[in-house]
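I have placed the structure first, in the form of structure tokens, so that the comments after it can refer back to it.
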Amino acid sequence: MRSRTSLGAKLVLIMTVVGLVAAVAVTLLLATIITPSFTKLEDKAIAAHVERTRAVLSEYAAELESAVRDYGDWSDSYDYMAHPYTRFERERFSPEAMRSIDVQGMAYVAPDGRIVIARWRDPTSGAERTGMREQLTAMIGQTDLARVLGGRSSGRFFAKIGGSVAAIGVAQVRRSDGTGSARGYVLMARVITARQISDLLGFDATIDLNPHGGSEAVALGTSKMMIVVPMMGPNGQAIARTQFSVPRDVLLLGRRMLLLAVAGSTVLLLLMLVMLRRMIDRSVLRPLHRVEGHMQRVRVSGSLALLEEDGRRDEIGSLGRSFNAMLRQLKDLRERIEVQSFDLGRSESAVAVMHNVRNALNPISTILSQGIAQRSPINRATLDRAIAELARGDVPAVRREKLAAFVTAAIEAEVASREATRRELTIGREAMAHVLEIIGQQQSAAHERPKLEVCDVTDIIARNATIARYSQDASIAFSFPAGPTMVLASRIILSQVIGNLFGNAVESIVARGLGSGSIITSITNAEGRVTILIRDDGEGFSPESAAMLFQRGFSTRAHKSGGLGLHWCANSMNAMEGSLRLESDGPGLGAVALITLHAGGTAPLLAAS
């Protein structure tokens, strides 16, 4: 770790850089997600405050409009406007009467704008305030009441009277039953104070008598925001505005959450990097040091005798035993296939099994052919001569160094060749196990309905994709989802169906003649059904021939007489309560296979019948 040229130092440096980049990226990501979200929440809170203030002002004026409507739709008021009399004025404009309806000002106005009577009384003492009455009459004279009502029987607005703002309610004077033409207007005024608005809103509010603009405004500060709502006069212009400050709790909460999220993710990332460094040291660096020590011993001894011992318990010894076991399995399997070939050929299902076995044996054949054709990386006779020459004592030092370097290179090439052979044989062993599994399943369920179970279709696709890579002399790129997806099916039969479809896709890509291609698999889950889509860029087929693909013996290739692969696949999918469909846009445009099955756990298991 302390050496700058060591693998450990490079890994630590890479993880440090990745950690810093990840921390910055996480911070930016969280800021991008959290900040706009809380900004939207704050905007909603501002809109709610504005709407609530409007509702408070409107409700305050609406109560006054309701009271003035009672006086307007009243026969006594109607008679008074025709012939004013003192008793009505004494009863309805008394301090007690005006205090009972909670108004400070009240007036009756003739249709031509003439003020019949106007009063303004102090709400506490009941004494009449001449100055405020004059302000009220001046406001009435400047206001077109008919325009305020706009054809309605009553209306409301705010007006500035003296140094106060009052809610004004106005109504036409009519009989109680609504008959008769209007004889004028009755108007009531109720002063609204900042204290009243504060009590209704729950915030400390103020009233600005010099408004600027006729719309709502919001002034954002560091920790508080000022909200301004206009109070509209009779002509639709703002005559005053209500303003109050509220704390920016949502924004502050968003900042705290962002800081906590960034701090938490950074700490978690640091812990992950520390754990990853320990895991790399234990799982990668230490085994590499052990392998390096072994290779140094090989270079010193100049012999691979230990690697060829049958009693070794390491990976190389396991490779030799696995290879011998695979050869014995292949021999036994070939004998069993030859004995059972006639019986299997008498039924469609048996032929289909052979078709599946053939597809699974293709990679094994390819691996064995490559192994047989592979030449030794170094000529044995040349190596023997070099070793014999090294054994002689009269070889010059320069010549001995060249011979030692040659022997070392030969040994390293042999080790690399063995490791490559081991990887190929591991894949061959998986394919061989797949073949044995197919035959075993067919023998036990030849006359039975397949028993469905919950299985991971992603694992089945990955396994068949690994095998299909070795089935043809073409470069095939596979793509499939990484996460598990559970379906209800027979795992063996579903594996055979997917293997057949992969095999057909590979043959289609090879037949197109480009030397390479791709197979893309995607999985969707909706309404309890899982759809598996297998798309290739092979030769494709005509859309008109799609319905014939599942017929027994039909083939789109001229050099083949037909087969039972797709016919068997379709029947197998139907037996598992699924479906199989093939689609293509035309020759040379590839093909798509769609498999549909029940999602795992959404349908009852079917027992063998």
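Residue numbers run from 1 in the order of the sequence given.
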Original post:
With distance as the sole test, does T531 use its side chain to make a donor-acceptor pair with the main-chain N or O of T524 at under 3.5 Å?
Top reply: no
Subject >> Validation row: T193, Q196 side chains within 4.5 angstrom (heavy atoms) >> reply: yes
Original post:
Do T458 and T521 touch side chain to side chain, with heavy atoms closer than 4.5 Å?
Top reply: no
Original post:
Is it the case that more than 12 heavy atoms not belonging to R99 sit under 6.0 Å from its CZ atom?
Top reply: yes
Subject >> Heavy-atom pair of closest approach, residues A189 and I168 >> reply: CB-CD1, 3.4 Å
Subject >> S125 side-chain N/O to D122 backbone N/O, donor-acceptor pair under 3.5 Å >> reply: no
**OP:** Would you please indicate if the ring centroids of Y80 and Y108 are separated by under 6.0 Å?
**Re:** yes
**OP:** Could you walk me through whether I476 and S516 pass the side chain to side chain contact (heavy atoms under 4.5 Å, CB included) test, one step at a time?
**Re:** CA-CA 6 Å; I476 307 296; S516 64; over 6 Å; no
Original post:
Cut-off 3.5 Å, side chains only: do T53 and T242 have a donor facing an acceptor?
Top reply: no
**OP:** Taking S518 for its side chain and A477 for its backbone only, find out whether a donor-acceptor pair lies under 3.5 Å.
**Re:** no
Original post:
Does T143 offer a backbone N or O that forms a donor-acceptor pair with the side chain of R147 under 3.5 Å?
Top reply: no
Atom pairs and distances, donor-acceptor, side-chain atoms in residues 197-207, under 3.5 Å, two or more places apart:
residue	atom	partner	partner atom	Å
S198	OG	A194	O	2.8
S198	OG	F203	O	3.3
S198	OG	A205	N	2.8
S198	OG	A205	O	3.4
T206	OG1	Q243	O	3.4
T206	OG1	Q243	NE2	3.3

Original post:
When you look at S579 and N574, which way does the side chain to side chain donor-acceptor pair (under 3.5 Å) test go after all the steps?
Top reply: CA-CA 6 Å; S579 64; N574 291 333; over 6 Å; no
**OP:** Kindly give the heavy-atom pair with the smallest separation between A110 and V116, and that separation in Å.
**Re:** N-CG2, 4.1 Å
Subject >> Test item: L488 and L597 side chains (from C-beta on) under 4.5 Å apart, heavy atoms >> reply: no
Original post:
Do side-chain atoms of K160 reach the backbone of A240 as a donor and acceptor pair under 3.5 angstrom?
Top reply: no
Original post:
Between atom CG of D459 and atom CD1 of I461, what is the distance when rounded to the nearest 0.5 Å?
Top reply: 9.5 Å
**OP:** May I have the step-by-step check of side chain to side chain contact (heavy atoms under 4.5 Å, CB included) for L533 and S522, ending in yes or no?
**Re:** CA-CA 5 Å; L533 188 145; S522 61; 3.5 Å; yes
Subject >> Note: R581-E583 ion pair, threshold 4.0 Å (strictly below) >> reply: yes
Original post:
Any sub-3.5 Å donor-acceptor pair from S584's side-chain atoms to G590's backbone N or O?
Top reply: yes
**OP:** Please name the pair of heavy atoms, one in G155 and one in L149, separated by the smallest distance, quoted to 0.1 Å.
**Re:** N-CD2, 3.4 Å
Original post:
So, S58 versus R156: side-chain donor-acceptor pair below 3.5 Å or not?
Top reply: yes
Original post:
Side-chain contact, heavy-atom cut-off 4.5 Å: V148 with V170?
Top reply: yes
Subject >> Between CD1 on residue I498 and CZ on residue F480, distance to nearest 0.5 Å >> reply: 11.0 Å
Original post:
To the nearest 0.5 Å, what is the distance between CZ (F502) and CG (D536)?
Top reply: 10.0 Å
Subject >> S154 versus E65, side-chain donor and acceptor atoms under 3.5 Å >> reply: yes
Original post:
Who are the ring pair (Phe, Tyr, Trp, His ring centres under 6.0 Å) partners of Y71, not counting sequence neighbours?
Top reply: W74
**OP:** Locate the shortest heavy-atom distance separating I460 from C455; write the atom from each residue and the value.
**Re:** CD1-SG, 4.3 Å
**OP:** Provide the closest heavy-atom pair for F158 versus A61 in the form atom of the first, atom of the second, distance.
**Re:** CZ-CB, 4.3 Å
Original post:
Just by modelled atom types, is the A62 backbone N or O under 3.5 Å from a matching donor or acceptor in the S66 side chain?
Top reply: no
**OP:** Determine whether I534 and V592 make a side-chain contact, defined as any pair of heavy atoms from C-beta on separated by less than 4.5 Å.
**Re:** no
Original post:
Between the side chain of R121 and the main-chain N/O of F93, is any donor-acceptor distance below 3.5 Å?
Top reply: yes
Original post:
Are any non-hydrogen side-chain atoms of L594 and I532 less than 4.5 angstrom apart?
Top reply: no
Original post:
For the atom pair CG (D537) and OG (S508), what is the distance rounded to the nearest 0.5 Å?
Top reply: 8.5 Å
Original post:
So how far is it from R129 CZ to R133 CZ, rounded to the nearest 0.5 Å?
Top reply: 12.5 Å
Subject >> Validation row: L145, L187 side chains within 4.5 angstrom (heavy atoms) >> reply: yes
Original post:
Could you give the distance from CH2 (W120) to CE (M106), rounded to the nearest 0.5 Å?
Top reply: 13.0 Å
**OP:** Could you walk me through whether V173 and V109 pass the side chain to side chain contact (heavy atoms under 4.5 Å, CB included) test, one step at a time?
**Re:** CA-CA 9 Å; V173 177; V109 183; over 6 Å; no
Subject >> Ring-face cation of R190 near Y60 (centre distance under 6.0 Å, axis angle within 45°) >> reply: yes
Original post:
Do you know which two heavy atoms are closest between S164 and V191, and how far apart they sit?
Top reply: CB-CG1, 3.9 Å
**OP:** Find out whether E577 and H598 are in side-chain contact, i.e. whether some heavy atom of one side chain is under 4.5 Å from a heavy atom of the other.
**Re:** yes
**OP:** Show your working on side chain to side chain contact (heavy atoms under 4.5 Å, CB included) between N525 and I523 and close with a plain yes or no.
**Re:** CA-CA 7 Å; N525 192 338; I523 301 175; 5.9 Å; no
Original post:
Okay, side chain of Q142, backbone of M139: is any donor-acceptor separation there less than 3.5 Å?
Top reply: no
Original post:
Do we see a donor-acceptor contact under 3.5 Å between the side chains of T485 and D456?
Top reply: no
